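Values below: all heavy atoms of this structure, side chains included; hydrogens, waters and symmetry mates excluded. Fair warning: this is a prediction, and the values are worked out from it, not measured in the lab.
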Amino acid sequence: MNNMSQSINLNSVKELVKQHGQEHLLKYANELSYDELLKLTMQINEIDWSIFAKNEKAEASSFFIEPIHVPSDMKENEESHRTIGLNAIREGKLCLLLLAGGQGTRLGFDKPKGAFNMGITKDLFIFQLLMEHTMDVVRLAGNFIHMYIMVSDINYGDTITFFKEHNYFGYDPEYLHFFVQELNPATDFDGRILMSSKSSLALSPNGNGGWFSSMHRAGLLDGIFDSSLEWINVFAVDNVLQRIADPVFLGATIESGKMCGAKVVKKAAPNEKVGAICLQNGKPHIIEYYELSDDMMYTKNDNGDLAYGFGVILNYLFPINRLKETLNMKMPHHIVKKAIPYIDENGTLIDPTEPNGLKYETLALDLIHKMDDCLVFPVEREKEFAPVKNSSGVDSVDTARELLVKNGYEL
Ligand code: UTP
């Protein structure tokens, strides 16, 4: 599109930033070229200002947290669950959603996280592992499964190119649907929006909770409600042992009659930094590790197990029809302290190593709370949970490699 055909209404943008106390965003407006100013004003016009409003917090006393039932007999019906799940997949009732829009800042890898090579003597990329896990089920079911892949403006080009270069790792590209999530501006600790250059806000992906509304915006939901699809399996890019489209999980969730399903693992320690599944006012809920009081952290149930002893691994099954209702619901914003590159008052780019500001994100786990009930589906940690969050230490490339080897992979 010829940019000159788009006009800049600088006065209205000035009014907008004034209204929100963010006049500094136009500090360099006079120095910018037409295209730069156009880009900046477009970014400002696209800001969702509601993210800065305080989440309406209900009184803490109005929350009643209690343990949720975690079935211990899932293995007993494994074969019948597998049959139910496989039949549902063959009938086209399942689609998949890969959350790959994150920036993976902790890993410190400048490409999409899925392009990270877990191999040592050969290539074994994270995307490759995920597609191979999915192909296992495709082969069993005898048909491909539609997979939606959420990326951000920041990693879109690199992700598509990577998939193309690797021939989609053997997956039928007709069944892969990439879409872009929205970005949110980051602020300093006082709520002033940071800028990454004189002509750009410091933008970052708006969290993994907005995937359904991003799919909606991308036009991917058109027709989905009238199709055979009933379930969507949502999973993170960074668990290299992630079992995707697991027919047993799907069959068990269908059979349970519950509204959704969540895979969980037994916590490695009471204070492990994972979200624990529980009930809040009778609804499924994920309580963050920092929200668990010491008392709750160590509470045991009648069997002597930790009452809040199961953590989620970002692998959920959601019913598509119910998600439709969530489109009009507001998701709470989580404010996360991060190190955010920004330009200082002299226009010099600073790349901090310590958190200097706030990012505003919605989280997929909050969708669980919008469901009436949930099948909690425990899986073996060593077989299904190898997250790659950090370059070394806990949940790192090293620990994930170790687990891959334990599961028979050659690296
Ligand atoms: P994380 O919470 O680990 O975030 O994402 P991240 O951005 O990948 O990594 P850090 O915190 O910067 O190190 C969990 C999952 O959610 C996806 C990620 O790609 C990963 O699969 N995600 C996260 C998104 O799709 N979009 C986002 O905005 C954030």
Do E410 and R401 pass the salt bridge (charged side-chain N to carboxylate O under 4.0 Å, His left out) test, and can you show the C-alpha distance, the side-chain angles, and the key distance before you say yes or no? CA-CA 10 Å; E410 277 177 27; R401 278 189 175 138; over 6 Å; no
I would like to know whether K258 and D372 meet salt bridge (charged side-chain N to carboxylate O under 4.0 Å, His left out); could you show each step before the answer? CA-CA 8 Å; K258 307 249 189 228; D372 291 345; over 6 Å; no
Walk me through whether R82 and E79 qualify under salt bridge (charged side-chain N to carboxylate O under 4.0 Å, His left out). CA-CA 5 Å; R82 192 188 318 279; E79 281 322 306; 3.1 Å; yes
Check the pair D48, S50 against side-chain hydrogen bond (donor to acceptor under 3.5 Å, both in side chains), reporting the backbone distance first and the verdict last.
CA-CA 5 Å; D48 171 6; S50 71; 2.6 Å; yes
| task | Determine, step by step, whether V388 and M118 satisfy the side-chain contact (heavy atoms from CB on, under 4.5 Å) criterion, reporting the C-alpha distance in whole Å, the side-chain angles of both residues, the deciding distance to 0.1 Å, and the verdict. | result | CA-CA 10 Å; V388 180; M118 297 299 294; 4.1 Å; yes
If you apply the rule side-chain contact (heavy atoms from CB on, under 4.5 Å), what do you find for E288 with L363, and how did you get there?
CA-CA 11 Å; E288 291 287 5; L363 298 182; 3.9 Å; yes
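K39 and E36 are not joined by a salt bridge, as no carboxylate oxygen comes within less than 4.0 angstrom of a charged side-chain nitrogen. Between D238 and K389, at least one side-chain N (NZ, or NE/NH1/NH2) sits under 4.0 Å from a carboxylate O, which counts as a salt bridge. The pair E78-K75 meets the salt-bridge criterion, with a side-chain N (NZ, NE, NH1 or NH2) lying under 4.0 Å from an Asp/Glu carboxylate O. Salt bridge K359/E361: absent, no basic N to carboxylate O contact under 4.0 Å. No salt bridge links K273 with D395; every basic N to acidic carboxylate O contact stays at or beyond 4.0 Å. A salt bridge links R381 with E272; the closest basic N to acidic carboxylate O contact falls under 4.0 Å.
Under the side-chain hydrogen bond (donor to acceptor under 3.5 Å, both in side chains) criterion, E66 pairs with no residue, sequence neighbours left out. For R243, the salt bridge (charged side-chain N to carboxylate O under 4.0 Å, His left out) criterion is met by D136, not counting sequence neighbours.
Environment of CG in D73: crowded, with over 12 heavy atoms of neighbouring residues, nucleotides or ligands closer than 6.0 Å. Other residues, nucleotides and ligands contribute more than 12 heavy atoms inside 6.0 Å of the CD atom of Q19. Within 6.0 Å of atom CZ in F162, more than 12 heavy atoms from other residues, nucleotides or ligands are found, so the atom counts as buried in its surroundings. Annotation: K27, atom NZ; neighbour count of heavy atoms from other residues, nucleotides and ligands within 6.0 Å is above 12.
In this structure, H216 has its ring center at least 6.0 angstrom away from the ring center of F212.
Paired with E182 under the rule side chain to side chain donor-acceptor pair (under 3.5 Å), one option of S213, S152, S214 passes, and it is S214.
Relative orientation of the F169 and F125 rings is tilted, given thresholds of 30° and 60° on the angle between their planes.
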